[in-house]
> 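Have a look at this one.
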2 protein chains.
Amino acid sequence: MAKQVVPESDRRRRRPTKQGAVLSERLIVETALRMLREHGAGGLTARRLGAALGADPSTLYRYFTGMDDLTLAIGEELIGRALSGWTATGDWRPDLRELGLGIHRAYLAHPHAAVLTASRVSGRPRELEADEAILRVLRTAGFPDPAAVRIYHAFIDQSLAFAALDAAALALPAAARASDEDMWESTYAHLPPDTHPHIAATAPLLAARMKDSAYPAALDMLLDSAGLQLAAATG
Amino acid sequence: MAKQVVPESDRRRRRPTKQGAVLSERLIVETALRMLREHGAGGLTARRLGAALGADPSTLYRYFTGMDDLTLAIGEELIGRALSGWTATGDWRPDLRELGLGIHRAYLAHPHAAVLTASRVSGRPRELEADEAILRVLRTAGFPDPAAVRIYHAFIDQSLAFAALDAAALALPAAARASDEDMWESTYAHLPPDTHPHIAATAPLLAARMKDSAYPAALDMLLDSAGLQLAAATG
DNA sequence: CCGACAGCGTCAATGGCGTTGGCATAAGGT
DNA sequence: ACCTTATGCCAACGCCATTGACGCTGTCGG
């Protein structure tokens with residue numbers, strides 16, 4: 001008992017602006033998004049965001065309860081954009097592919113949001129909307145309910161899991177990523193073929209793939225399997 | 001022109017201990033793993049790790065070049081644990097399934113470690129061994145190199161990504177998980193069918209699946225697609 | 001045998017981070 | 001006029017990773 005579920009007014013932001021203000025929640029989120037795009041997830045700090053806005057970092061706390069609140073607002077904004085830029089064509093495979101890439105892209109900006117969404121049942125409107133959309137695509141395509149639910153679960157968790165992973169990699173300082181490339185050149189690319197023949201044989205292919213996220217490929221493979229299950233069910 | 005490329009001796013560790021030392025690389029990694037398991041990724045700091053070892057934080061820099069180097073060593077240790085309990089049977093599908101579940105399980109035991117180490121190229125022996133094993137299974141099974149590399153990449157990243165996600169869910173306090181079930185009961189299970197018909201229609205199935213990890217299903221789907229690609233390649 | 005040296009550990013300091021409390025100011029509502 | 005409230009800045013606190021100077025101790029070459 002005494003679950004102490006925060007009554008939402010505690011985590012709510014302050015009232016809408018009435019007086020003449022230089023900043024605004026909207027302006028802050030947009031500036032934060034620009035910083036994320038230009039400098040990566042690790043480049044977004046309260047101090048730098050304040051500087052970019054020409055304001056003191058502490059001013060941000062007039063609009064958000066903390067950095068966590070800010071990133072949550074960013075996540076809401078991004079998932080909203082992902083959903084608004086998506087319309088079902090009736091073809092389940094491209095529809096799901098598009099939606100998956102959109103969700104992945106949306107959550108890429110903040111890994112914490114992805115982990116929270118996947119491990120908690122938030123019941124936020126946007127999340128409900130996304131879940132409903134996925135299930136609608138699957139069930140109207142003819143997937144039986146057990147298969148639809150199984151694929152839905154794998155689909156959404158895969159999108160969020162890869163987003164969290166890829167965002168963490170993106171958040172690495174540039175020095176670490178550069179040193180990774182050096183490491184690849186000095187170690188992987190020149191492995192003796194007698195001890196590691198398969199890595200040596202595929203080194204160029206590995207090098208080409210290492211820089212990109214594996215999510216698109218994983219998503220396509222999931223959709224492959226879904227097609228298999230649909231054929232088995234209807235046929 | 002600055003010094004630019006570090007000649008790899010900079011990122012290398014110091015020579016093995018000869019004199020009587022209180023600490024050791026092995027002891028530090030094990031302590032770090034315990035801290036990760038007990039306090040999550042955010043709980044691992046140089047200061048706290050030093051305190052847990054009864055040493056000054058700066059002492060860690062005698063063994064590792066920095067926190068970045070430490071996390072690489074942690075990943076290496078976990079990969080090694082997953083590999084030690086695995087032997088190839090020659091049947092690519094159960095072999096990969098077993099290996100995937102092993103990697104997932106290894107990282108699951110130490111929450112948040114996957115997200116710290118994935119997508120990094122450490123070039124450490126254990127990691128090379130795992131990569132070589134996966135590629136060997138795929139290539140000896142007859143996968144063409146491009147398909148083998150594509151599947152390898154999706155396979156390893158998916159294992160780590162789901163491990164990170166599932167570990168985060170597992171690390172939640174019992175109170176939070178209980179409140180999630182309440183949230184399910186109060187929100188998802190009683191959604192009005194006219195606004196969210198597909199969630200409402202599959203609510204019981206969704207509820208049953210929500211508690212488990214989607215990784216086994218996602219892994220099977222990835223292997224499904226791999227089988228499809230193998231069949232297409234071998235005619 | 002002894003001095004040089006390398007491994008090991010500590011101390012103090014640097015610069016970055018999120019966050020807080022106090023204080024000023026300007027706009028509304030009364 | 002008043003008071004309230006929103007807004008912004010300043011200084012400070014306690015974290016964080018990392019570094020350089022300094023002492024100690026064991027090993028080894030002369």
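Note on naming: letters A, B, ... go to the chains in the order of the sequence lines (proteins, then strands), and numbering restarts at 1 for each one.
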> Taking OP1 and OP2 of dG9(C), is either one under 4.0 Å from a side-chain nitrogen or oxygen of Y63(B)?
yes

> Between P on dG7(C) and CZ on F64(B), what's the gap in Å once rounded to a whole number?
16 Å

> For nucleotides 10-22 of chain C, read 5' to 3', which letter fits each nucleotide if B means a protein heavy atom sits under 4.0 Å from the base, S means only the sugar-phosphate is that close, and - means neither?
BB-----BBBB-B

> Nearest whole angstrom, please: distance from the C1' of dG7(C) to the CD of E25(B).
15 Å

> What integer distance in Å separates L49(A):CG from dG8(D):P?
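Nearest whole value for this atom pair: 13 Å.
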
> Salt bridge check, E77(B) against R26(B): does any charged N sit closer than 4.0 Å to a carboxylate O?
yes

> Does W86(B) reach the main-chain N or O of G100(B) with its side chain, forming a donor-acceptor pair under 3.5 Å?
no

> Please give, in whole Å, the distance from dT19(D) C1' to L60(B) CG?
14 Å

> Name every donor-acceptor pair, under 3.5 Å, that has one atom in a side chain of residues 49-57 of chain A and the other anywhere in the protein, sequence neighbours excluded.
from	atom 1	to	atom 2	distance (Å)
D56(A)	OD2	S58(A)	N	2.9
D56(A)	OD2	S58(A)	OG	2.6

> List the residues meeting side chain to side chain donor-acceptor pair (under 3.5 Å) with R97(A), not counting sequence neighbours, and say none if there are none.
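Checked R97(A) against side chain to side chain donor-acceptor pair (under 3.5 Å); matches are D220(A).
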
> D69(B) has an atom CG; how far is it from atom C1' of dT19(D), in whole Å?
16 Å

> Using a 3.5 Å distance criterion without hydrogens, assess whether the side chain of R48(A) forms a donor-acceptor pair with backbone atoms of G43(A).
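A pair under 3.5 Å: yes.
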
> Rounded to whole angstrom units, what separation is found between the CD1 atom of I28(A) and the P atom of dA6(D)?
16 Å

> Could you measure the distance from the CG atom of L60(A) to the CE atom of M67(A)? Nearest 0.5 Å is fine.
6.0 Å

